[in-house]
Number of protein chains: 2
Amino acid sequence: MHTVEQLQEKLRSALNTINYNREPIEIYEPVAYALSQGGKRMRPILTLLSCDMFGGNIEEAIIPAIGIEIFHNFTLLHDDIMDDAPLRRGKETVYKKWDTNRAILSGDMMMILASKYVSKVDTSLLKDVLYAFNKAAGEVCEGQQYDMNFETAQHISIKDYLKMIRLKTAVLLAASLEIGAIIAGAGNENINKIYKFGENIGLAFQLQDDLLDVYGKQEKFGKKTGGDIAANKKTYLYLKAFELAKGKDLESLTKYYTEKNIDKEAKIRTIKEMYDKLEVKLHVEKEINNYYSEASRMLAEINIPDVNKKELINLADKLLVRDY
Amino acid sequence: MHTVEQLQEKLRSALNTINYNREPIEIYEPVAYALSQGGKRMRPILTLLSCDMFGGNIEEAIIPAIGIEIFHNFTLLHDDIMDDAPLRRGKETVYKKWDTNRAILSGDMMMILASKYVSKVDTSLLKDVLYAFNKAAGEVCEGQQYDMNFETAQHISIKDYLKMIRLKTAVLLAASLEIGAIIAGAGNENINKIYKFGENIGLAFQLQDDLLDVYGKQEKFGKKTGGDIAANKKTYLYLKAFELAKGKDLESLTKYYTEKNIDKEAKIRTIKEMYDKLEVKLHVEKEINNYYSEASRMLAEINIPDVNKKELINLADKLLVRDY
């Protein structure tokens, strides 16, 4: 078994061997830039962890894992155009640094590169790996569309929201684990279970993100709280509050999320107070715990020695901080 | 052996069975729209012709052939955003009809759909088919980047131009034939030769397009001539004229291609006269014939009965009209 740190190191050196010094540089320069921005590399780490856990040879999983990371960064690159986002991980986004055309085309190239890398598996596994990858890839696009729809939608149910974050975030985490398991030859039953583990843990992560935006300790997470509220983002917290609020509270919530020219600080403070009053935090924590329990149940059902599962459990526990 | 018309009919009914009535409609509506625009469906027809020619079962090639067509339409969809093109085949382009975001995302989805469809081949062929597809897909993106670079480039050599059209147009035609041959189990030597046939015939097609823009009979091709000249497109004809022109002619050519506020009709007339004077037409025809001869030589070397090659030769001859 390898530790997460060892896998990260392997991944780093594999990523460094890729040569983007190719023509036309107008495409490959943004590709290299986008991939050099770092981030947690969570998806390829999950692929390697899963492969390792099921006794596979992680060397066979590194290139496909990088393919998944390239795919993820492709979606960020195109999402940043669609969302008009000027910054990504503290640096200029590709379309800002260059232009929209280069961002579209270098993103397209990244999707193709992703497919090339993911396909570098043993011929006997290719069909299954590719099916898992393409299925998740299509779902991520669907999730992005729902996310954009929600910006202008009048009413979104919590069910709709959970469907959106499942597609946009959870399925790719699930597929990352799934592909590692396929490469390790884990067998269909285990492959399905590790997928479901990933799907549930992914939903828990995303809901935690929503929670931390409002209740995160600023000094710990380095982000100013209330960003989602300031941006009128319809997060789980907002939707839950909208569901629970009555009378004047409901009016006020709607007002703050639709009216322009409202003082930002006052808006964040007022909505936070409403969340407190409605005990929205408890509701989200309960939902996170449900997904976490379901994920744990799936992992427990996987019939391999417990010691093999340790690194994955540690990683999930570390990411689900539960300390706001 | 099937005729082109029979293959077109098969393709049409297969395309009609695809159901795009899926959620979110914001993605699938533009996908369905883009694919319903018709066009010659040249690429999937080449896949089916090639498969048939080498004695393969064309039923096995239909879904991958549709994948190639979806890929081609994905590139057009994203190219139209990059080129600010309002019309495609006489209809509004996707980004005009909806918006850029929906065009980016539905294009991304088409790329993923293309990969899904192309992958629907026998497991034993998947690696080869996918390799051919992804290689061509990456090259098409590179070609589009070179094409965009050329718009603002000061000087382009004919060699650069030929490289660009090879990447942007010829390699996908070549890969369409190649994939049909792989599905038919044609063997490596034949697969390479049919690829080279496609690459050469693709270059000939593109040069003919350049030629017809200036020398096409308007009543026959339905397009007004001189469009490339009006748009300052650096076609083979322009680059050849630039290479051959001297003194005052060279000055005048440069002036007409850089100065704004020039009367369009006068500009087209003047440049046409210069092309005539420099015998540019003869040069292009010679180049087209060279590529055609090389394509024919490749096809002749393929060791299958001549009768099997008939439909492909007929199609190529029909497309290379040689009657301006």
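What you see below is based on every heavy atom in this structure, not just the backbone, and it leaves out hydrogens, waters and symmetry mates. So you know, we letter chains A, B, ... as the sequences are listed, proteins then strands, and number each from 1.
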Heavy-atom neighbours of [X] [atom1] exceed 12 at 6.0 Å:
X	atom1	result
B/N16	CG	yes
B/N19	CG	yes
A/E59	CD	yes
B/N188	CG	no
B/E92	CD	yes
B/K234	NZ	yes
A/K196	NZ	no

Contacting moiety of B/L130, where chain A heavy atoms sit under 4.5 Å
side chain
Interface moiety of B/M82 toward chain A, non-hydrogen atoms closer than 4.5 Å
both
Please report the closest heavy-atom contact between [X] and [Y], naming both atoms and the distance.
X	Y	result
B/C141	A/I27	O-CD1, 3.5 Å
B/S115	A/N134	OG-ND2, 3.5 Å
A/G138	B/M109	O-CE, 3.2 Å

Out of B/T100, B/I104, B/D83, which one racks up the most heavy-atom pairs below 4.5 Å with chain A?
B/I104
Check: A/V121 main-chain N/O paired with B/K127 side-chain donor or acceptor under 3.5 Å:
yes
Separation of A/N101 CG from B/D84 CG (nearest 0.5 Å)
7.5 Å
Roughly how far, to the nearest 0.5 Å, is CG of B/L126 from CG of A/L125?
11.5 Å
With respect to chain B, which residue among A/I81, A/N149, A/T75 yields the maximal number of heavy-atom pairs within a distance under 4.5 Å?
A/N149
Only pairs of heavy atoms separated by less than 4.5 Å count here; which of A/F133, A/F74, A/Y131, A/Y146 has the most with chain B?
A/Y146
Is there a donor in the side chain of A/Y28 and an acceptor in the side chain of B/Q145, or the other way round, less than 3.5 Å apart?
no
Can A/R22 and B/E142 be said to form a side-chain contact (heavy atoms from CB on, under 4.5 Å), step by step?
CA-CA 10 Å; A/R22 290 173 59 184; B/E142 292 179 357; 3.6 Å; yes
List the steps, then state whether side-chain contact (heavy atoms from CB on, under 4.5 Å) holds for A/D108 with B/D108.
CA-CA 7 Å; A/D108 291 346; B/D108 291 347; 3.7 Å; yes
